[in-house]
Amino acid sequence: MKEILKRARELADKIKKREYVKIVTHIDADGITSGAIAFESLRRAGIDCEIKFVKNLDSKKIEELSNEFVWFTDLGSGCIKDIVRFKLDCVITDHHIPEGYYRYQLNPHDFGYDGSYDLSGSGATYLVAKFLNPMNHVDLIQLAIVGAIGDLQDSKNCKLVGLNKFLIEEGVKHGFLKVEKDLRFFGKQTRPVFKMLEYNFDPYIPGVSGSERGSIELLRRLGIPLKDEDWRRWIDLSRGEKRAVVSELVRICMKHGYPLSYIKRIVGECYILTKQVEGTELRDAMEFSTLLNATARYSKADIGLRVCLGILNGCDEWAFKKARKLLQQHRKNLSEGIKIALDRLREFKSVQFFHARDDILDTIVGIVAGMCYCKANLDKPIVAFANCDEGVKVSARATQRLVEKGLNLAKAIEIACRKVGGHGGGHKIAAGAIIPKGKEWEFLEEFNRVVEGQIKAQP
Ligand code: C5P
Ligand code: C5P
Ligand code: C5P
Ligand code: ZN
């Protein structure tokens, strides 16, 4: 921890010497929160800045940035070679597996931590923000937690761990956060309970996940009214009612013979942003992250950014309303996307894959791929393809169990990309890339070969 804080201070010192900083960040929840933390901390430090959202980085984009001073957040570590080649003057706060060592990079992997669970892009950015404004930064923790949850950093242990815990302690101490044991489903604050149940896929509950009728049936069976004056949300249920629902979900999983480790995923640590209004997406880190994805993944990251800055400086009603509208469409796209993906999903040797072609947006095909585990084979990684302007987008997702068996998707993607001429990166459990059109089969063969080797190499 001491070493990582020392690095954070060095990065902050380098930034403080500048009058203008260009922030370059990623188009997802962690990317927006990282960007917002960087943006707000620069503003507070009196440094001019501008923010640019990108889907991914490549040599061309790096070269274009070579005349500016850049703060890369939630990306950059995968492009160290190009950053050095084009002599960029920059700092990086990221958590993806680094391509190499870089003096002005704060990445948990460089300090013996795992960037998939121990610290997110927004967490790394927060550590630098701390030194930019030593007296005025703790409120930014709210965003750092939303970023970590958006990247599913709690998914391994059903709670945040590692360096994230340090942030939580600080957030709780200053009254910005509350940790609660509760259902780990998306939608507790805002969705009617039966919709929340229908949309949950982790863990998949047979007869309930993906089924509106099954979800309503479950509540009826327990004698829980669906409606008061309005549809009842999870937060409207009494303690007894909540307990009854959780017991019923557990019972269903047990009836289907699911292992305890699977059933335990129903309940876990949930993170409440205590300063935000109850019953809004902003109150719950899970929902906040989905709200941000619903803006960023549709080229509307500026709206997500305004929502983030709004929680620090007084709610931006206009942006919040817009984001909520986008969220409605995002939820629809996800549920339609899952149907398409499951329909097309095929097994291929040691992997399974589907090609979304033009039917699922390249920016959400990764989210859809992950959610496919509700039905897909848990023993094989999922590879998704989707057409995009630059070629073909690849998104790969795996399970924790596969990672424990030796699987490393980021590595597999990197090797397969080298063969077909693409560029990608990510984490052991989730990775992505862009490859040339028409190279899908060649990519899949090579990817499969590497995956097989990784899993076999383990004792
Ligand atoms: O850029 P990147 O860090 O955004 O994204 C991390 C990705 O890893 C997300 O898509 C997140 O959902 C995924 N992930 C996952 N399962 C986990 C941990 C992370 O699919 N257990
Ligand atoms: O791309 P990655 O795998 O990050 O996607 C994780 C995101 O998927 C979460 O931040 C959330 O927005 C969304 N999600 C959801 N409902 C689920 C599971 C994930 O909205 N049941
Ligand atoms: O895009 P997707 O959600 O599948 O991304 C999964 C992970 O792979 C993310 O961490 C993302 O940053 C990384 N990725 C990458 N290069 C790409 C696409 C995705 O490093 N071209
Ligand atoms: Zn991230």
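Just the heavy atoms: all of them, side chains too, but no hydrogens, waters or symmetry mates, feed the values below. When a ligand or atom number is given, it counts from 1 through the structure's own listing order.
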Please could you name the atoms of ligand 3 that [X] approaches to less than 4.0 Å, counting only its heavy atoms?
X      : value
Ser395 : 1 (O), 2 (P), 4 (O)
Ala430 : 7 (C)
His423 : 21 (N)

Problem set entry | Distance filter under 4.0 Å to Ser155 heavy atoms, resulting ligand 1 atoms |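 Selected atoms, number and element: 17 (C), 18 (C), 21 (N).
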Kindly confirm whether the Zn ion (ligand 4) is within less than 2.8 Å of some N/O/S atom in [X]?
X     : result
Asp28 : no
Asp94 : no
His96 : no

Tell me if a side-chain donor or acceptor on [X] pairs with a main-chain N or O of [Y] at a distance below 3.5 Å.
X      : Y      : result
Arg344 : His355 : yes
Glu440 : Gly438 : yes
Lys22  : Lys52  : no

Exercise. Do any nitrogen or oxygen atoms of Gly424 lie less than 3.5 angstrom from nitrogen or oxygen atoms of ligand 3?
Worked result: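 Checking ligand 3 against Gly424, no N or O pair falls under 3.5 Å apart.
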Exercise. Does Gly432, backbone or side chain, put an N or O under 3.5 Å from an N or O of ligand 3?
Worked result: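 Yes, there is a polar N/O contact under 3.5 Å.
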For this session: Could you tell me if the ring centre of Phe348 sits under 6.0 Å from that of Trp441?
Result: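 Ring centroids of Phe348 and Trp441 are less than 6.0 Å from each other.
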How about [X] and [Y]: do any of their side-chain heavy atoms sit closer than 4.5 Å?
X      : Y      : value
Phe443 : Ile413 : yes
Tyr204 : Cys253 : no
Ile434 : Glu390 : yes
Cys417 : Ile435 : yes

Exercise. Pick one: which of His427, His26, His109 meets ring-ring contact (aromatic ring centres under 6.0 Å, His included) with His95?
Worked result: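 Testing each of His427, His26, His109 against His95, the sole residue satisfying ring-ring contact (aromatic ring centres under 6.0 Å, His included) is His427.
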Problem set entry | Ser59 to Arg85 - nearest heavy-atom pair and separation |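 Smallest heavy-atom distance, with atoms named: OG-NH2, 3.7 Å.
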Exercise. Closest heavy-atom contact between Ile4 and Pro108?
Worked result: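 It is CD1-CA, 4.4 Å.
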Problem set entry | Geometric N/O contact Lys156 with ligand 1, under 3.5 angstrom |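 No - when backbone and side-chain N and O of Lys156 are compared with those of ligand 1, no distance drops under 3.5 Å.
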Problem set entry | N or O pair under 3.5 Å between Asp151 and ligand 1 |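 Yes.
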Problem set entry | Selection from Lys55, His427, Arg397, His26 by shortest heavy-atom distance to atom 5 (O) of ligand 3 |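 Selected option, by shortest heavy-atom distance: Arg397.
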For this session: Run down the list Glu414, Lys393, His95 and name the one with the heavy atom closest to atom 1 (O) of ligand 3.
Result: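 The nearest heavy atom belongs to Lys393.
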Of all N/O/S atoms in [X], which lies nearest to the Zn ion (ligand 4)?
X      : answer
Asp151 : OD2
Asp30  : OD2
Asp74  : OD1

Exercise. Where's the contact between Ala433 and ligand 3, heavy-atom distance under 4.0 Å: side chain, backbone, both or neither?
Worked result: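 Near ligand 3, Ala433 shows its backbone, while the atoms from C-beta on stay back.
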Exercise. Side chain or backbone of His96 under 4.0 Å from ligand 1, or both, or neither, by non-hydrogen atoms?
Worked result: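 His96 to ligand 1: side-chain contact only, backbone stays beyond 4.0 Å.
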Exercise. For Ala12, what residues pass the side-chain contact (heavy atoms from CB on, under 4.5 Å) criterion, not counting sequence neighbours?
Worked result: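 Counting only residues at least two positions away or on another chain, Ala12 forms a side-chain contact (heavy atoms from CB on, under 4.5 Å) with Val128, Phe131, Leu132.
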For this session: Using non-hydrogen atoms of the residue, decide whether Ile429 is closer than 4.0 angstrom to ligand 1.
Result: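 True for this residue.
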